[in-house]
Amino acid sequence: MAAQKLRPVGKVKFSISSRTDTGVHALCNSAHMDIERTPGKVPFSEAILVKALNFHLQPEPISILKAIRVSDDFHARFKAVSRTYFYRIVTGCERTDLPVFERNLCWAASETHLDIPRIQEAARFFVGKHDFSGFRSVNKETPFRSPVKTLLQASITPSTSFLPNHTQNSNLQFWDLTFKSKSFVYNQVRRMTSALVSVGLGHLTPQHIKLHLEERKPPVSPLIIVAPPSGLFLKEVEYDEKDLRYEPEE
């Protein structure tokens, strides 16, 4: 809608690199659009395009960070070489005790703390090429999408509150679970997160993760199967540098 307000010729074609479920956040997403100006007007420069789009996006919680002119065959979704997500977990409190500015931005997974070495051991089983049938949810696209994916990263690192100076509960402990792959099956990150938290709480062992990958069956745990969407963030979409260079036709 913002691009359409720039008075282009015809309707602007817009394609986003990664779709996210309701409640999932994106720190940085990417998209491409084809925008043509009326005859006699020069194409928008990258800087002017960013400024103009952000002007029309002011009512929305969206900001354009950068614009790059690319070749006609570029596609934001299909040219991506990797996508990185992280999932924010907090322990040491119930959801109702979360600081107000952290609600809907993390998962209060447990009042007790997690066994991080066990989670690290379990996460290593996810890395590599696997059939993730046991870690996906079913939707209308499931029959047409391969469950085989190559995970480049699965790790857990200490984190902090978004506003640490305002967090009064010293028992809170924040963690980021980071996952990187070219693509993911539906709800894969949220299901892997739930499984790893189950390992950290002692409901599952690291070997259970290996077993369920091999058997292509979802883990059985008293914890919820799919972690809530609120803690999930799309962090980065990467491309090959050569695909981000504009080469005008001769």
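Residue numbers count from 1 along this sequence.
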>> Using side-chain heavy atoms (C-beta onward) and a distance below 4.5 Å, is Ser82 in contact with Lys180?
In response: yes
> Is the cationic atom of Arg88 (NZ for Lys, CZ for Arg) positioned less than 6.0 Å from the six-membered ring centroid of Phe162 and within 45 degrees of its normal?
Replying inline: yes
>> Pair Gln207, Thr205 - check side chain to side chain donor-acceptor pair (under 3.5 Å), show working.
In response: CA-CA 5 Å; Gln207 288 299 319; Thr205 68; over 6 Å; no
> Would a distance-only check, ignoring hydrogens and angles, find a side-chain to backbone donor-acceptor pair under 3.5 Å from Ser71 to Phe74?
Replying inline: no
>> For Ala227, is there any backbone N or O sitting under 3.5 Å from a side-chain donor or acceptor partner on Thr193?
In response: no
> Could you go step by step and tell me if Asp176 and Thr178 meet the side chain to side chain donor-acceptor pair (under 3.5 Å) rule?
Replying inline: CA-CA 6 Å; Asp176 286 347; Thr178 303; 5.7 Å; no
> Considering all heavy atoms of both residues, which atom of His130 and which atom of Leu213 are nearest to each other, and what is their separation?
Replying inline: CB-CD2, 4.1 Å
> Under 3.5 Å, side chain of Asn29 to main-chain N/O of Ser18, donor-acceptor pair present?
Replying inline: yes
>> Determine whether a donor-acceptor pair (N or O, by modelled atom type, separation under 3.5 Å) exists between the side chain of Glu111 and the backbone of Thr91.
In response: no
> More than 12 non-hydrogen atoms from neighbouring residues, nucleotides or ligands closer than 6.0 Å to CZ on Arg37, yes or no?
Replying inline: yes
> Considering only heavy atoms from C-beta outward, does the side chain of Leu234 approach that of Leu27 to under 4.5 Å?
Replying inline: no
> What's the spacing between Leu152 CG and Ser181 OG if we round to 0.5 Å?
Replying inline: 5.5 Å
> Do any pairs count as a salt bridge (Lys or Arg N to Asp or Glu O under 4.0 Å) and have a residue in residues 11-22, sequence neighbours left out, and if so which ones?
Replying inline: Arg19-Glu141, Asp21-Arg190
> Within the side chain of His32, is there an N or O that forms a donor-acceptor pair under 3.5 Å with the backbone of His75?
Replying inline: no
> Between atom NE2 of His208 and atom CD of Glu215, what is the distance when rounded to the nearest 0.5 Å?
Replying inline: 10.0 Å
> Would you say Phe135 and Pro218 make side-chain contact, with heavy atoms under 4.5 Å?
Replying inline: no
>> Taking the side chain as everything from C-beta on, heavy atoms only, tell me whether Trp175 gets closer than 4.5 Å to Pro158.
In response: yes
> Atom CG of Leu232 and atom OG1 of Thr20: how far apart are they, to the nearest 0.5 Å?
Replying inline: 8.0 Å
>> So which atom in Lys129 and which in Val148 form the shortest heavy-atom distance, rounded to 0.1 Å?
In response: CE-CG1, 3.6 Å
> If you measure from the Lys or Arg side-chain nitrogens to the Asp or Glu carboxylate oxygens, is any gap between Glu214 and Lys210 under 4.0 Å?
Replying inline: yes
> Is the shortest heavy-atom distance from the side chain of Gln120 to the side chain of Val199 under 4.5 Å?
Replying inline: no
> Nearest heavy-atom pair of Arg77 and Ile16: which atoms, and what distance?
Replying inline: CB-O, 3.8 Å
>> With a 4.5 Å cut-off on side-chain heavy atoms, are Thr22 and Pro229 touching?
In response: no
>> One pair to check against ring pair (Phe, Tyr, Trp, His ring centres under 6.0 Å): Tyr87 and Phe179. What are the steps and the verdict?
In response: CA-CA 8 Å; Tyr87 195 104; Phe179 303 94; 8.5 Å; no
> What do the steps show when you test Ser230 against Asn104 for side chain to side chain donor-acceptor pair (under 3.5 Å), and what is the final call?
Replying inline: CA-CA 5 Å; Ser230 56; Asn104 300 320; 5.1 Å; no
> Closest heavy-atom contact between Arg136 and Val185?
Replying inline: CB-CG2, 3.3 Å
>> With heavy-atom distances below 4.5 Å as the criterion, would you say the side chains of Phe86 and Thr157 are in contact?
In response: no
>> Whether the side chain of Arg118 engages the backbone of Leu204 through a donor-acceptor N/O pair (distance < 3.5 Å, no angle test) should be reported.
In response: yes
> Should the heavy atoms of other residues, nucleotides or ligands under 6.0 Å from CD of Gln58 be counted, would the total exceed 12?
Replying inline: yes
> When you look at Glu238 and Arg83, which way does the salt bridge (Lys or Arg N to Asp or Glu O under 4.0 Å) test go after all the steps?
Replying inline: CA-CA 6 Å; Glu238 291 184 310; Arg83 294 165 174 85; over 6 Å; no
>> Minimum heavy-atom separation for Phe125 and Glu121, please, with both atom names.
In response: CD1-O, 3.7 Å
> Phe184 pairs by ring pair (Phe, Tyr, Trp, His ring centres under 6.0 Å) with which of Phe132, Phe126, Tyr85?
Replying inline: Tyr85
> Is there side-chain contact between Leu98 and Val90, with at least one heavy-atom pair below 4.5 Å?
Replying inline: yes
> Roughly how far, to the nearest 0.5 Å, is CZ of Phe55 from NZ of Lys5?
Replying inline: 9.0 Å
>> Taking Ser30's backbone N and O only, do any of them form a donor-acceptor pair with Ser17's side chain (distance below 3.5 Å, no angle check)?
In response: yes
>> Is there a side chain to side chain contact (heavy atoms under 4.5 Å, CB included) between Lys51 and Ile48? Walk through the geometry before answering.
In response: CA-CA 5 Å; Lys51 191 172 183 178; Ile48 290 177; 5.7 Å; no
> Looking only at heavy atoms, which two atoms of Ala3 and Ile35 are closest? And how far apart?
Replying inline: O-CD1, 4.2 Å
>> If you count heavy atoms of other groups shown closer than 6.0 angstrom to CD1 of Ile225, is the number above 12?
In response: no
> CD1 of Ile89 to CD of Gln173: how many Å apart, nearest 0.5 Å?
Replying inline: 11.0 Å
> Is there a side chain to side chain donor-acceptor pair (under 3.5 Å) between Ser183 and Lys149 once you walk through the steps?
Replying inline: CA-CA 7 Å; Ser183 60; Lys149 301 294 177 182; 2.9 Å; yes
> In Å and rounded to the nearest 0.5 Å, what is the SG to CZ distance from Cys106 to Phe174?
Replying inline: 5.0 Å
